[in-house]
Colleague: 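Sharing a structure here in structure tokens format.
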Amino acid sequence: MSKNMKTVLTIAGSDSSGGAGIQADLKTMMAHKVYGMSVITALTAQNTTGVAGIMEVTPEFVAQQLDCVFQDIRPDAVKIGMVSNAEIIKVITEKLVEYKAENIVVDPVMVATSGSSLMQDDASQALRTLLLPLADVITPNVPEGEVLSGLKIETKADMLEAADRIASAAGTSVLLKGGHLKDSADDLLFMDGKVSWFESERIENPNTHGTGCTLSSAIAANLALGHGLEESISKAKAYITGALHDGMDLGKGSGPLNHAYRIN
């Protein structure tokens, strides 16, 4: 193994069923041959059918975890997932600024694949005003894009307007994922006023638990490896497409991906 292995930090919630959150992030990082580290913001009792409970970590302990990571093994990239309340968001923002963190990918996790809410009401505003402006790219899906933009998103034209609005408000690049659209699964990158579409085949696989976590972690891993944003997104999408094609089928609900499908 390389002595100069690239490093990625995930700041997110734990998924007891292993398909999303911290667990999905670390598996994705391993598949990309980067060294994964974690700061846990919440414990969840969940499986493929839904979220039964959430136990939040105190903001003070989130800060302590961040200090320990940055003061010892500095991350080459940071992925941020589930941040469930405003105080935790405030602490994360302060620490990322203090340590001048780079290559920040924010997946604005508001609702689980199963439909369960993962964010308190006060957190949404803190996310918009504190955390999103720090990101190099944010990766909302259509429902999250609707919340962040205040627009109904049903077409690719709607996606363009919403991404423009979100990017303008946050002052950062936006990858708006189109998987929830009826007639398209294409994703839209809005970066510095430039529009790039990433075409996606629609894969008939009901098992999509943790896809958002996985994609954002794969983008962060590729950024850590030195790829530009567009190339990182392209490579991340290829990885997740392969994981969906693998067709693993676990659990009674929307099952997880096989993050290890390309590890021989």
Colleague: Are L9 and L132 grouped together when hydrophobic residues (ILVMFWY) are joined by side-chain heavy atoms under 4.5 angstrom apart?
Modeller: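 They do share one cluster, since a chain of ILVMFWY contacts under 4.5 Å joins L9 to L132.
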
Colleague: Testing the basics here: between A135 and V106, what is the closest heavy-atom pair and its distance to 0.1 Å?
Modeller: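 Scanning both residues, the minimum pair turns out to be CB-CG2, 3.6 Å.
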
Colleague: Is any side-chain heavy atom of T241 less than 4.5 Å from a side-chain heavy atom of I203?
Modeller: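 The answer is yes, as the side chains (C-beta and beyond) meet within the 4.5 Å cut-off.
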
Colleague: Consider only side-chain heavy atoms of I, L, V, M, F, W and Y, link residues closer than 4.5 Å, and tell whether L26 and I219 are in one cluster.
Modeller: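 Per the 4.5 Å side-chain linkage, L26 and I219 are not co-clustered.
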
Colleague: Nearest 0.5 Å please: distance from the CD1 atom of I233 over to the OG atom of S173.
Modeller: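 That separation rounds to 8.0 Å.
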
Colleague: Does the K6 side chain pair with the main chain of A221, one donor and one acceptor, at a distance under 3.5 Å?
Modeller: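 No, the answer is negative, given that no donor and acceptor are paired below the 3.5 Å cut-off.
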
Colleague: Pair L148, R128 - check side chain to side chain contact (heavy atoms under 4.5 Å, CB included), show working.
Modeller: CA-CA 8 Å; L148 292 172; R128 294 168 195 254; 4.1 Å; yes

Colleague: Where the side chain of S234 meets the backbone of E230, is there a donor-acceptor pair that is under 3.5 Å apart?
Modeller: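 Not a single qualifying donor-acceptor pair exists.
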
Colleague: Once you round to the nearest 0.5 Å, how far does CE of M55 lie from CD1 of I40?
Modeller: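 It is 12.5 Å, given to the nearest 0.5 Å.
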
Colleague: Ignoring hydrogens and angles, tell me if any N or O in the side chain of T44 forms a donor-acceptor pair with the backbone of I54 under 3.5 Å.
Modeller: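 Between the backbone of I54 and the side chain of T44 there is no qualifying donor-acceptor contact (under 3.5 Å).
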
Colleague: Going by heavy atoms in the side chains, are L257 and N207 under 4.5 Å from each other?
Modeller: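 Heavy-atom side-chain distance check fails, nothing below 4.5 Å.
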
Colleague: Hey, mind stepping through L134 and T93 against side chain to side chain contact (heavy atoms under 4.5 Å, CB included) and telling me if it holds?
Modeller: CA-CA 8 Å; L134 279 186; T93 303; 3.7 Å; yes

Colleague: If you look at every heavy atom in A123 and I89, which pair is closest and at what distance?
Modeller: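 Minimum heavy-atom separation between A123 and I89: O-CD1, 3.4 Å.
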
Colleague: Say whether F70 and I80 are linked into one hydrophobic cluster, either directly or through other cluster members, by side-chain heavy-atom distances under 4.5 angstrom.
Modeller: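 Yes, because F70 and I80 connect within a single hydrophobic cluster, where side-chain heavy atoms sit under 4.5 Å apart.
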
Colleague: Set out, in order, the CA-CA distance, both residues' side-chain angles and the distance that settles side chain to side chain contact (heavy atoms under 4.5 Å, CB included) for D107 and K177, then state yes or no.
Modeller: CA-CA 11 Å; D107 184 25; K177 299 172 293 187; 3.7 Å; yes

Colleague: If only atom types and distance count, is the side chain of S254 paired as donor or acceptor with the main-chain N or O of T48 below 3.5 Å?
Modeller: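 No, the answer is negative, given that no donor and acceptor are paired below the 3.5 Å cut-off.
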
Colleague: Check whether any side-chain N or O of T41 sits under 3.5 Å from a backbone N or O of M82 as a donor-acceptor pair, and report yes or no.
Modeller: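 Yes, T41 side chain to M82 backbone: donor-acceptor pair under 3.5 Å.
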
Colleague: Verify, without hydrogens or angle tests, whether E144 (side chain) and N141 (backbone) share a donor-acceptor contact under 3.5 angstrom.
Modeller: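 Yes, the answer is positive, given that a donor and an acceptor are paired below the 3.5 Å cut-off.
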
Colleague: Residues in side chain to side chain donor-acceptor pair (under 3.5 Å) with S17, at least two apart?
Modeller: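 Scan of S17 (side chain to side chain donor-acceptor pair (under 3.5 Å), adjacent residues dropped) gives D15.
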
Colleague: Is I88 linked to L131 within one hydrophobic cluster, defined over Ile, Leu, Val, Met, Phe, Trp and Tyr using a side-chain heavy-atom separation of less than 4.5 Å?
Modeller: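 Yes.
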
Colleague: Please tabulate, one pair per line, all N/O donor-acceptor pairs under 3.5 Å involving side-chain atoms of residues 96-105, not counting sequence neighbours.
Modeller:
unit_1	atom_1	unit_2	atom_2	d
E98	OE1	K95	NZ	3.4
Y99	OH	D67	OD1	2.6
Y99	OH	Q71	NE2	2.9
N103	ND2	D76	O	2.9

Colleague: If you compare all heavy atoms of L151 against all heavy atoms of E146, which two are closest, and at what distance to 0.1 Å?
Modeller: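 For L151 and E146, the tightest heavy-atom pair comes out as O-CG, 3.2 Å.
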
Colleague: Just distance, no hydrogens or angles: give the donor-acceptor pairs under 3.5 Å from side chains in residues 29-39, sequence neighbours left out.
Modeller:
unit_1	atom_1	unit_2	atom_2	d
H32	ND1	T28	O	2.8
H32	NE2	R262	NH2	3.2

Colleague: Nearest 0.5 Å, what's the CG-NZ distance between L176 and K156?
Modeller: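 The NZ atom of K156 is 12.0 Å from CG of L176, to the nearest 0.5 Å.
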
Colleague: Can you tell me how far apart CD1 (I22) and SG (C213) are? Round to the nearest 0.5 Å.
Modeller: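 Between I22 CD1 and C213 SG, I get 9.5 Å after rounding to 0.5 Å.
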
Colleague: Would you compute the distance between atom OG of S168 and atom CZ of F190 and round it to the nearest 0.5 angstrom?
Modeller: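 If I round to the nearest 0.5 Å, the distance is 6.0 Å.
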
Colleague: Check N47, T211, L250 against P256 for a side chain to side chain contact (heavy atoms under 4.5 Å, CB included) and give me the one that passes.
Modeller: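 Result: among N47, T211, L250, L250 is the only option passing the side chain to side chain contact (heavy atoms under 4.5 Å, CB included) with P256.
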
Colleague: Run the numbers on T7 and R74 for side chain to side chain contact (heavy atoms under 4.5 Å, CB included), then give the verdict.
Modeller: CA-CA 7 Å; T7 58; R74 182 177 175 82; 5.8 Å; no

Colleague: Donor-acceptor pair, distance only, cut-off 3.5 Å: does the side chain of Y261 make one with the backbone of I240?
Modeller: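 It does not hold such a pair.
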
Colleague: Going hydrophobic residue to hydrophobic residue with side-chain gaps under 4.5 angstrom, can you get from L175 over to V78?
Modeller: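 In one cluster: no.
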
Colleague: Give, for atom CG of L244 and atom OG1 of T214, the distance between the pair rounded to the nearest 0.5 Å.
Modeller: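 If I round to the nearest 0.5 Å, the distance is 9.0 Å.
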
Colleague: Can you check whether K152 reaches D158 side chain to side chain, under 4.5 Å on heavy atoms?
Modeller: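 They are not in contact (no side-chain heavy atoms under 4.5 Å apart), so the answer is no.
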
Colleague: Give every residue pair that meets the salt bridge (charged side-chain N to carboxylate O under 4.0 Å, His left out) criterion with at least one member in residues 18-29, sequence neighbours excluded.
Modeller: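 For residues 18-29, and leaving out neighbouring residues, the salt bridge (charged side-chain N to carboxylate O under 4.0 Å, His left out) pairs sorted by first residue read D25-K79.
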
Colleague: So, using salt bridge (charged side-chain N to carboxylate O under 4.0 Å, His left out) as the criterion, who are the partners of E87 when residues are at least two apart?
Modeller: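 Salt bridge (charged side-chain N to carboxylate O under 4.0 Å, His left out) check on E87 returns nothing, list empty.
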
Colleague: Search all heavy atoms of A20 against all heavy atoms of G210 and return the closest pair with its distance.
Modeller: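 For A20 and G210, the tightest heavy-atom pair comes out as CB-CA, 3.7 Å.
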
Colleague: Please name the pair of heavy atoms, one in S14 and one in Q23, separated by the smallest distance, quoted to 0.1 Å.
Modeller: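 Between these two residues, the closest heavy atoms are OG-NE2, 3.0 Å.
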
Colleague: Run through D186, L188, L189 and flag the one making a side chain to side chain contact (heavy atoms under 4.5 Å, CB included) with F198.
Modeller: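 It is L189; the other options fail the test.
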
Colleague: Look only at the side chain of D72 and the backbone of C68, and say whether a donor-acceptor pair between them is shorter than 3.5 Å.
Modeller: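 It does not hold such a pair.
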
Colleague: Using side chain to side chain contact (heavy atoms under 4.5 Å, CB included) as the criterion, list what pairs up with H227, not counting sequence neighbours.
Modeller: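 Per chain and number, H227 pairs via side chain to side chain contact (heavy atoms under 4.5 Å, CB included) with N222, L225, E231, S232, K235.
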
Colleague: So do P75 and V69 actually touch side chain to side chain, heavy atoms under 4.5 Å?
Modeller: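 V69 reaches P75 side chain to side chain.
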
